[in-house]
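Counting begins at 1 with the first residue of the sequence. Keep in mind that what you see is a predicted model, and the values were worked out from it rather than measured.
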Amino acid sequence: MTSITSIELNYLVFRYLQESGFTHSAFTLGYEAGINKCTIDGNLIPPGALITFVQKGLQYLEMEANMSNNDVEMDEDFSFLQPLDIITKDVNQLRQMIKEKRKNIQKDKDKDKNKDKDKNKDREVDREHEAERGRVREKERHEKEEREKEREKAESNKEPEKQPEELADGDMVMDQEDKDAIGHEENGTSIGPEPMDIAATSTQASQEACEIPGSDVTILEGHTSEVCACAWSPTGSLLASGSGDSTARIWTIADGLCKSGAQNSPLNVLVLKHVKGRTNEKSKDVTTLDWNGEGSLLATGSYDGQARIWTTNGELRSTLNKHKGPIFSLKWNKKGDYLLTGSFDKTAIVWDVKAEEWKQQFEFHTGPTLDVDWCNNVSFATSSTDHMIYVCKIGEIRPIKTFSGHQGEVNCVKWDPTGSLLASCSDDITAKIWCMKQDKYVHDLREHSKEIYAIRWSPTGPGTNNPNQQLTLASASFDSTVKLWDVELGKLLYSLNGHKDPVYSVAFSPNGEYLASGSLDKSMHIWSLKDGKIVKTYTGNGGIFEVCWNKEGDKLAACFANNTLCVLDFRM
């Protein structure tokens, strides 16, 4: 008899959690159950395998409980058992239940025999009544159709007279819209109604008009598993990518227009192997990466708990080993002397890059550390599955600030360009804005309907290269929308509704005028922040995990679940 092993069952549960969007739960199970060591080929497992497996198990138990009872017809037997009965009772108990229920049914049948004749008569009368009702309904329907035809005929005779009036109405609507637009311009804003919700129908039309053809896109092939992270060098034409295939890669992207066709020759890509030999070992997944400010060093974080620092030539410069679980987030400080990592082991570590050793480990969270972000060169924020946010400082043994208020896992924390405001987003369907001067959040942003996965600040406002533009915050959610917020008022500016599946990533263009979003629906949209409309869109062949702009703002990269990256030109 075929039996399922605990490894196979763990893998099915792992896949179920992934498919249901429980990313962190899947990470936890995968790590503790050693999913990375199992030999199952995930490509052979169809979606929804666990549900199908359980369903078939229930059906089998139903069959087994019924097969030995041949004294009564089978077709009634399957209504005797409920799923909970099948799960909680053994086969003998189920058979006993079926026997008792059959006896009761047989008694009821004997009682009902005498009434059958009367019932048959009643049925015949009912049938006659039903037939009569059917005839009445048919007659009513026919009369209704006749009335409709007469009405249509009458209206078509009147239509020529009405046309001038309808045209006038149309003109009046246009005039009103023009007046509204002029009014907003006079007030010094071109944002439109607040908040603005982009209608699905107009979005669909604009997507078709703005679709970037495949001939204008460069596809980067070479990874052998999903590409979950990508980042442009802040100083050059290098693009880094991290994948589930235990490698990171540094791609040299030529200047000028992107062209169609795969780009995977050895001349323009460096492969940074995180394991010797086999390159599909899950414990070496590259989960996160970040360039230092000079663009001279690339740091990668891996599922094996190690951070690695590489040169632009692909040389491994340092391996930083102290975490006892996967690294989920990793960031350089602005000065480039410290690297910060956050891990599944509930801690954050600051590494002294020059000394190639850890400087301080921060052990405050009671759950895995999901994200980290520097405020300045010596202090930073961390977030966790424990719903908490801590602001820590090198040399301090306790957090210098604690922010509590979220009711779910805090997926992301980001400081604004000046380091004065901290934004966070959570599985509790809210984003919040915090300030070091007060304990409670400054704004509680509650317009999403599902978990918020990512947030990004605009590169605008005081202290940025775009000081005359308003500072805003973008949030990306599992509800398939991106929302843009006025952070001064804590109000929604736009709801950008162009995606059909969860949005995993958003990125502002360097000039702050455009926002790119990437979704599991395989599409990347580029939105104009002047009017909240899609100006460009590209559809690939896999879900998108991350999107990013180069420093000039004329190229965009996206990484996909189908093992590829794409690079496309952006010129308006």
Side-chain angles (χ1 to χ4, degrees), residues 1-67 78-91 93-94 224-228 243-246 280-285 287 303 325-326 328 344 367-368 370 385 408-409 411 427-429 449-451 453 477-480 500-504 519-522 541-545 560-563:
M1 179 180 166
T2 306
S3 62
I4 187 168
T5 66
S6 60
I7 293 169
E8 289 166 338
L9 184 57
N10 284 341
Y11 190 85
L12 289 177
V13 175
F14 173 74
R15 278 290 294 270
Y16 166 76
L17 291 171
Q18 273 192 326
E19 291 163 6
S20 303
F22 304 127
T23 317
H24 305 313
S25 302
F27 257 126
T28 305
L29 175 65
Y31 180 66
E32 293 182 349
I35 296 294
N36 56 294
K37 293 171 186 163
C38 77
T39 55
I40 298 168
D41 184 353
N43 295 320
L44 301 177
I45 309 295
L50 179 65
I51 302 299
T52 306
F53 187 78
V54 172
Q55 193 68 48
K56 286 184 177 177
L58 293 177
Q59 289 169 351
Y60 174 81
L61 281 167
E62 271 188 320
M63 290 290 290
E64 189 180 12
N66 281 284
M67 283 303 284
F78 291 97
S79 62
F80 294 161
L81 303 175
Q82 297 299 315
L84 201 58
D85 295 331
I86 296 169
I87 292 167
T88 56
K89 293 176 174 59
D90 63 30
V91 174
Q93 289 174 306
L94 294 173
T224 57
S225 186
E226 71 279 358
V227 187
C228 44
S243 167
D245 65 6
S246 307
N280 60 348
E281 193 179 321
K282 291 305 281 180
S283 66
K284 306 285 184 177
D285 276 18
T287 50
Y303 213 89
F328 288 158
F344 178 84
L370 298 180
T385 61
E409 298 184 2
N411 296 314
D427 282 358
D428 68 7
I429 317 179
S449 59
K450 287 187 181 177
E451 298 94 326
Y453 193 78
S477 167
F478 279 28
D479 65 11
S480 308
K500 299 182 182 71
D501 286 315
V503 184
Y504 267 11
S519 164
L520 289 189
D521 67 8
K522 306 179 182 179
N541 294 311
I544 298 176
F545 291 124
F560 292 81
N562 72 333
N563 312 349

Side chains of [X] and [Y]: does their closest heavy-atom pair fall under 4.5 Å?
{"X": "Ile35", "Y": "Tyr11", "value": "yes"}
{"X": "Pro502", "Y": "Tyr453", "value": "no"}
{"X": "Leu520", "Y": "Tyr504", "value": "yes"}

| task | Measure up the Phe344 and Phe328 rings against each other and bin them: parallel (under 30°), tilted (30 to 60°), perpendicular (over 60°). | result |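 Ring orientation of Phe344 relative to Phe328: perpendicular.
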| said: Per the salt bridge (charged side-chain N to carboxylate O under 4.0 Å, His left out) rule, what does the pair list look like for residues 22-35, sequence neighbours excluded? | reply: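 Sorted result for residues 22-35: empty, none.
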Working to the nearest 0.5 Å, report the span between [atom1] of [X] and [atom2] of [Y].
{"X": "Asn562", "Y": "Ser225", "atom1": "CG", "atom2": "OG", "result": "11.0 Å"}
{"X": "Asn10", "Y": "Thr5", "atom1": "CG", "atom2": "OG1", "result": "8.5 Å"}
{"X": "Ile429", "Y": "Glu451", "atom1": "CD1", "atom2": "CD", "result": "6.5 Å"}
{"X": "Ser519", "Y": "Phe545", "atom1": "OG", "atom2": "CZ", "result": "11.0 Å"}
{"X": "Asn563", "Y": "Asp245", "atom1": "CG", "atom2": "CG", "result": "7.5 Å"}
{"X": "Asn411", "Y": "Asp427", "atom1": "CG", "atom2": "CG", "result": "4.5 Å"}

| query | Does a sphere of radius 6.0 Å around CD1 in Ile7 hold more than 12 heavy atoms from other residues, nucleotides or ligands, not counting ones at 6.0 Å or beyond? | reply |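 Incorrect, the count does not exceed 12.
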| message | So for atom CG, which belongs to Asp501, do other residues, nucleotides or ligands contribute more than 12 heavy atoms lying within a distance under 6.0 Å? | response |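 Counting other residues, nucleotides and ligands, CG of Asp501 exceeds 12 neighbours.
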Tell me the closest heavy-atom pair linking [X] and [Y], and the distance in Å.
{"X": "Lys522", "Y": "Gly543", "answer": "CG-N, 3.9 Å"}
{"X": "Ser243", "Y": "Glu226", "answer": "OG-O, 3.0 Å"}
{"X": "Ser246", "Y": "Asp285", "answer": "OG-N, 4.4 Å"}
{"X": "Leu12", "Y": "Ala49", "answer": "CD2-CB, 3.7 Å"}

| request: Only counting residues at least two apart or in another chain, list the ones meeting side-chain contact (heavy atoms from CB on, under 4.5 Å) with Ser20. | output: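 Partners of Ser20 by the side-chain contact (heavy atoms from CB on, under 4.5 Å) criterion, ordered by chain and then number, come out as Tyr16, Phe22.
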| task | Check step by step if side-chain contact (heavy atoms from CB on, under 4.5 Å) holds for Thr385 and Phe27. | result | CA-CA 12 Å; Thr385 61; Phe27 257 126; over 6 Å; no
| field | Side-chain donor or acceptor of Asp521 paired with backbone N/O of Lys500 under 3.5 Å | value |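 Such a contact is found between Asp521 side chain and Lys500 backbone.
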